[in-house]
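Accompanying notes for the structure given below.
So that the names make sense, note that chain A is the first sequence line, chain B the second, and so on, each numbered from 1. Not measured: the values here are computed from a predicted model.
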Protein chains: 2
Amino acid sequence: METLSVTSVTESVAQNLRIHIIEGELAPGQKLNELELAERLGISRPPLREAFRILENAHLIVSIPRKGCYVTEVSADSCREIYEEREMIECFAVELLQAKGIRELPEVGAALEVTADLPMPTSSDAYEKFDYLKAIADFHIRLVESAGNSRLNHCYHALFPSLARYQSMYTYIPGLMNRSQEIHEKILGLIERGDYDRAKEVLRSHIRGFLTLMEDEIRQTAEPQTESLSEW
Amino acid sequence: METLSVTSVTESVAQNLRIHIIEGELAPGQKLNELELAERLGISRPPLREAFRILENAHLIVSIPRKGCYVTEVSADSCREIYEEREMIECFAVELLQAKGIRELPEVGAALEVTADLPMPTSSDAYEKFDYLKAIADFHIRLVESAGNSRLNHCYHALFPSLARYQSMYTYIPGLMNRSQEIHEKILGLIERGDYDRAKEVLRSHIRGFLTLMEDEIRQTAEPQTESLSEW
DNA sequence: TTACTGTTTATTGAAGACAATATACAATAG
DNA sequence: CTATTGTATATTGTCTTCAATAAACAGTAA
């Protein structure tokens with residue numbers, strides 16, 4: 001028998017809002033009215049407020065005392081900070097693998113195989129991209145998990161929604177996505193051969209490459225998306 | 001006129017509990033009864049529950065659905081993870097300084113001067129140590145702040161309570177504290193001279209040195225502190 | 001016409017009450 | 001005597017209500 005997961009209203013509300021923010025349906029800067037949101041989601045305010053605390057921590061919303069909560073703004077600066085943090089965590093994960101002499105990463109390999117068979121998204125539509133990006137992300141998530149530091153893991157999971165938001169809003173570069181697969185395979189191979197230093201450098205430049213592209217895209221599109229109050 | 005800070009009940013309760021957990025008055029593993037805590041603090045349960053969400057994120061408590069919240073257990077493993085994360089953040093901060101070519105760190109220097117004039121604590125009493133440790137910590141906090149990445153900063157502040165807890169519970173090594181001052185000065189000097197690589201390595205071995213000492217202490221004292229339900 | 005002040009309204013902050021669930025204990029059956 | 005099941009109690013999860021604060025608007029004075 002599978003153990004059925006007990007999930008609180010707070011957590012499912014947090015997850016709900018998380019996805020809507022990532023997918024851009026809750027636009028940057030948008031005010032989150034507690035009463036309105038609570039009745040739209042069919043719950044009461046206390047669990048919603050607890051969910052706000054969770055999202056606040058993930059930097060998806062900002063809470064201003066006595067004023068309310070707002071969806072975090074997006075900017076090239078913020079994007080850079082996110083990718084810097086990402087570089088830090090992933091590269092350090094490789095360092096931990098090196099320190100522990102871990103070469104075999106079965107979960108990471110499995111994640112790679114899943115992506116290899118997946119069809120490429122055919123449009124820049126957020127919904128279509130979402131699954132594909134999630135599959136690609138799995139490589140990085142498993143890599144960090146393999147380092148065996150639960151706090152690192154937690155950090156990375158806290159970072160990911162912010163990262164996913166930028167990826168969902170801006171990136172649609174088929175060629176780059178395709179190259180990701182090759183690069184990921186290369187990184188895994190380097191680790192398996194014990195060449196952690198090169199693996200780390202390939203990983204680092206891979207991440208920095210994405211950052212550069214994202215920053216360009218953000219600067220090009222002055223107004224990323226002005227729509228708000230979309231029905232959902 | 002100074003701007004008087006508006007602080008919510010949620011935040012002050014979180015800060016209150018944070019300090020009590022760090023100082024060990026709320027012992028590891030202890031169950032946190034919502035009703036009992038709320039009336040002891042003279043508040044109601046909703047803000048307490050929101051504070052729980054904040055502390056949960058700082059890894060100071062764990063929340064088990066339908067069971068309640070417990071003060072996080074301490075262990076050599078957990079201590080190692082904390083110090084690994086610390087190493088990651090601080091070393092990456094130096095890398096960011098390097099990338100940006102920042103050599104002047106006035107705030108870090110100021111923190112060093114404060115510590116230089118401070119008297120050493122004369123006992124291992126948590127309360128006496130607390131202020132001294134906080135002053136020493138300021139060096140590291142300012143260093144990370146100087147890197148100019150707000151997310152990194154946030155991570156480090158989220159990490160610090162856990163770190164402070166272990167330092168408060170175990171470490172009382174006057175010689176080491178004294179040496180900290182020297183090492184901190186050395187690191188600052190190296191950065192000012194643009195020798196980021198050596199600065200990073202000194203910093204890294206400094207942090208790892210503390211970890212080794214902490215791990216030894218934890219292993220020696222099998223039962224760190226068995227007292228619980230202390231009056232406060 | 002503009003700026004300042006007072007009032008009103010809407011929204012967040014906090015509290016108390018109710019419902020659901022988990023744990024512990026006791027009773028009964030094997 | 002032991003194990004299992006049922007019940008009771010205590011505690012968490014959620015909802016509804018009340019209070020305090022902030023923002024917006026209008027009115028008056030300069």
Do you know which of [options] makes side-chain contact (heavy atoms from CB on, under 4.5 Å) with [X]?
{"X": "A/V71", "options": "A/I21, A/L55, A/L60", "answer": "A/I21"}
{"X": "A/I207", "options": "A/E84, A/M88, A/E90", "answer": "A/E90"}
{"X": "B/S146", "options": "B/N153, B/L105, B/L96", "answer": "B/L105"}

Could you state the atom-to-atom distance from [atom1] of [X] to [atom2] of [N] in whole Å?
{"X": "B/L41", "N": "C/dA15", "atom1": "CG", "atom2": "P", "value": "11 Å"}
{"X": "A/E39", "N": "C/dA10", "atom1": "CD", "atom2": "P", "value": "14 Å"}
{"X": "A/L48", "N": "C/dA14", "atom1": "CG", "atom2": "C1'", "value": "16 Å"}
{"X": "A/E50", "N": "C/dT12", "atom1": "CD", "atom2": "P", "value": "17 Å"}
{"X": "B/Y70", "N": "C/dT23", "atom1": "OH", "atom2": "C1'", "value": "10 Å"}
{"X": "A/E36", "N": "C/dT11", "atom1": "CD", "atom2": "C1'", "value": "12 Å"}
{"X": "A/E11", "N": "D/dT12", "atom1": "CD", "atom2": "P", "value": "19 Å"}

What does nucleotides 5-11 of chain D look like as a protein-contact string, B for base, S for sugar-phosphate only, - for none, at under 4.0 angstrom between heavy atoms? ------S
Measure the spacing between OG of A/S44 and CZ of A/R49 and express it to the nearest 0.5 Å.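 The distance works out to 11.0 Å.
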B/H59 and A/H154 aromatic ring geometry - parallel, tilted or perpendicular at 30°/60° bounds: perpendicular
Check every strand shown and say whether A/I64 touches a base, only sugar-phosphate, or nothing at a heavy-atom separation below 4.0 Å. nothing
Using a cut-off of 4.0 Å on non-hydrogen atoms, how would the nucleic acid contact of B/P47 be classed: base, sugar-phosphate, or nothing?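 The answer is sugar-phosphate, as B/P47 gets under 4.0 Å only of primed atoms, P, OP1 or OP2.
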Is the shortest heavy-atom distance from the side chain of A/R80 to the side chain of B/R151 under 4.5 Å?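 Side chain of A/R80 against side chain of B/R151, heavy atoms only: no contact under 4.5 Å found.
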Of all the nucleotides listed (C/dA15, D/dT17, D/dT12), which has the minimum atom distance to the side chain of A/R45? D/dT17
What's the closest nucleotide to the side chain of B/R49 if the choices are D/dT14, C/dG13, D/dC15? D/dT14
Using heavy atoms to find the nearest nucleotide of DNA chain D for A/G42 and B/L32 separately, return the residue whose nucleotide is more 5′.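 It is B/L32 whose nearest nucleotide is closer to the 5' end.
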Using modelled atom types only, decide if a donor and an acceptor are shared between the side chain of B/Y83 and the backbone of B/L163 within a distance under 3.5 Å. no
